[in-house]
Visitor: 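After the structure tokens below, expect a handful of questions from me.
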Amino acid sequence: MRLFDTHAHFTDKSDVDGLLGRAAEAGIVRVLAVGGSRELNRNALRTPCRVALGWDRDQTDVGDGDFAELRHLVTDNARRVAAIGEIGLDFHYSPESAAAQKELFASELALADSLSLPVVIHTREADEATLEVIDSVPWSHESQLRGVIHSYTGGPGFAGKLLDRGFMISFSGIVTFRSADLVRESARFVPDDRILVETDTPFLAPVPLRGHQCEPAYVVHTAKCIAAERKTDIETFADLTFANSEHLLGTMD
Ligand SMILES: [Zn+2]
């Protein structure tokens, strides 16, 4: 079995070799190291993984210089950069900065378009605004709007609108939580060629490891839960999500 954890963050304190070693033993042979702040971008690049680099919704104070820095970071590491991310909107934790978040999100979608890279999007309690910003960006080629909505927590209705716009949907350990019936409904709804799995390490450890600090090895529990929901076996589900991940994020070489 081969699994791809499409979303993990590394901190200054992360034991990268230990985390990736335990992941490999559990069959997780690829991990996307995801940035979002200066620290997270730097730590993603410290790993041997392919990376997503960006400014997340908490970085609304970034200016032109920071954008130039991000563009340089991407072009200097072009072989390793698989996506711009994470980017997006969070009106649950930071409703007061909604307007600034939307402006930053739009700028980064335009950056991804100019670099022909996919995007890794976070969206929480911001369904309408997320679609509004996505639809407002004048894509240079329609086919360049590519990306994933990570750690999906919505229902099939919003998922359908994202699928219509060409996105993949990624599920984290939240799908295993007892209260997450709506998320499981979405995990049954997303078609075979659009579904991904992730941990969002170091957050959101799945059942039965809830409460532990999450790590990429744990994505196997999330994949097993979704495979059961979809009435398929873990090997088949692992294979299809691995292929989808490589389709979106590229192969290693
Ligand atoms: Zn994240």
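In listed order, ligands and their atoms are each counted from 1. Keep in mind the model is a prediction, meaning the values are calculated, not measured. This chain uses plain numbering: 1 for the first residue, then up along the sequence.
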Visitor: Considering residues, nucleotides and ligands other than Gln213, do more than 12 of their heavy atoms fall under 6.0 Å from its CD?
Guide: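 Check fails, neighbour count at 12 or below.
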
Visitor: So, His221 side chain and Tyr218 main chain: donor-acceptor pair closer than 3.5 Å or not?
Guide: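 It does not hold such a pair.
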
Visitor: Please list, in chain and residue-number order, the protein N/O/S atoms closer than 2.8 Å to the Zn ion (ligand 1).
Guide: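 Per the 2.8 Å query on the Zn ion (ligand 1), atoms found are His7 NE2, His9 NE2, Glu86 OE1, Asp200 OD1.
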
Visitor: So among Arg71, Gln59, Arg38, which one has a side-chain hydrogen bond (donor to acceptor under 3.5 Å, both in side chains) with Asp66?
Guide: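 Option passing the side-chain hydrogen bond (donor to acceptor under 3.5 Å, both in side chains) with Asp66: Arg38.
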
Visitor: Look only at the side chain of Arg50 and the backbone of Arg79, and say whether a donor-acceptor pair between them is shorter than 3.5 Å.
Guide: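 Indeed, once roles are kept as given, a pair shorter than 3.5 Å links the two residues.
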
Visitor: Would you call Lys161 and Asp127 a salt bridge, using N to O less than 4.0 angstrom?
Guide: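 Here Lys161 does not pair with Asp127 in a salt bridge, since their nearest N and O are not under 4.0 Å apart.
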
Visitor: Could you tell me if Arg210 sits above the aromatic ring of Phe177, with its cationic atom closer than 6.0 Å to the ring centre and no more than 45 degrees from the axis?
Guide: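 Yes - Arg210 lies over the ring of Phe177, closer than 6.0 Å to its centre and within 45° of its axis.
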
